[in-house]
Amino acid sequence: MESAVSSSVAEIPASGMAELHIESRWTIESDAVDQVLAEEYGADVAGADLTPPKDPAGLRAKLRAGAPQLAAVTDEMRRLFNAGACGVMIPSLGLVHLSQDRRRKSVFALSALLGNPTETEPDNHRVVWDVTPAPQEERQFSKFSQAPDEAVYHTDSTIVPIPERFFLLYAMTQASCGGGLSTLRDGRHVIEVLEQSEEGRRAVKTLRETPLPIRIPKAFRRKYGSTASDGYSYVPVFAEKPMWRWRKDKIEQGLVKHPESETPEVRFALDTVAAQLADTSNEMRQPLPTDGIVIIDNHVAFHGRTAFTDTNRHLLRIRFHDIDESYEQSWV
Ligand SMILES: [Fe+2]
């Protein structure tokens with residue numbers, strides 16, 4: 001079969017974000033994707049209601065058979081991650097002519113080919129999450145995904161035992177105000193820079209060796225447990241899987257609740273990493289255009305977003321574990 005994708009490993013820039021251009025011939029496979037999902041979830045299932053597949057490998061096999069060109073796209077993404085990318089962006093996925101429901105299903109299928117999609121949170125089993133501003137009183141779960149404010153550098157799912165390795169963002173509607181730019185820093189590069197100085201090495205050592213308290217919300221505690229009786233778990237900011245577990249606001253909240261954990265060394269280490277993240281010299285900062293998609297390696301990359309005012313901005317987000325990673329974990 002003729003390849004529908006083009007990219008070059010040599011083109012992975014210093015930011016770690018590779019760009020992939022594809023021909024959208026695979027979108028003719030949208031019918032096949034729909035059919036596979038109808039077999040799995042029932043004929044009437046809406047893209048917004050899709051839940052994590054019970055048999056991710058089985059679904060993957062069916063999608064590979066039914067949508068080989070989409071599988072070729074995800075194979076190329078995989079190759080780029082294997083070659084060292086910490087993010088892959090496709091500026092135009094080719095879905096604009098499809099209904100919103102079809103777009104949700106196509107993006108879901110893409111995630112299911114790359115890994116094992118997870119639910120957004122334990123009380124809401126839906127996989128596809130709408131990232132769009134909600135009125136203050138209706139915001140739930142996440143401060144970042146339902147607000148138009150800046151999202152400073154962070155990693156996702158820091159409150160689960162093993163955060164998903166990947167997440168994707170697909171732009172239904174790009175912000176027209178010039179804001180809402182996506183930002184990315186390669187966490188491996190951040191470490192490299194830190195390890196060049198005595199202070200940086202000290203900070204990394206502290207964050208590797210000192211588990212810090214993070215509050216596990218009730219719904220997540222019911223599912224994953226926690227390592228302490230007050231609903232907190234103690235985890236290192238810097239480890240192997242993930243390399244970084246960084247939600248600075250939640251780390252700070254944990255230290256307020258457990259001031260005994262805020263030693264001068266911990267404070268120094270957190271401030272040192274924050275200062276390094278403020279250096280934008282190797283970051284990617286660009287809009288995700290309408291119909292564009294980005295997949296981020298959440299185990300190594302930091303990501304963020306600039307503030308925006310256009311309330312029509314609308315992205316879809318799906319998180320997924322890597323294929324060979326355990327689907328469910330617990331803290332204890
Ligand atoms: Fe995020």
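This chain uses plain numbering: 1 for the first residue, then up along the sequence. First listed ligand is number 1; within each ligand, the first listed atom is number 1. Computed from a prediction, not measured in an experiment: that's the story for all the values here. No hydrogens, no waters, no symmetry mates; every other heavy atom, side chains included, goes into these values.
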* Is it the case that R313 places NZ or CZ above or below the six-membered ring of F308, under 6.0 angstrom from the centre and within 45 degrees of the axis? -> yes
* **F268 six-ring centre to R202 NZ/CZ under 6.0 Å and within 45° of normal** => yes
* R126 side chain reached by D49 side chain, heavy atoms, under 4.5 Å -> yes
* To do: Flag yes if more than 12 heavy atoms outside N82 fall under 6.0 Å of its CG atom; otherwise flag no.
  => yes
* Structure fact -> Atoms of type N, O or S from the protein that sit nearer than 2.8 Å to the Fe ion (ligand 1) number exactly 3
* Asked: Does the ring centre of H303 sit less than 6.0 Å away from the ring centre of Y153?
  -> no
* Compute whether any side-chain donor of one residue and acceptor of the other, for D291 and Y170, lie under 3.5 angstrom apart. => yes
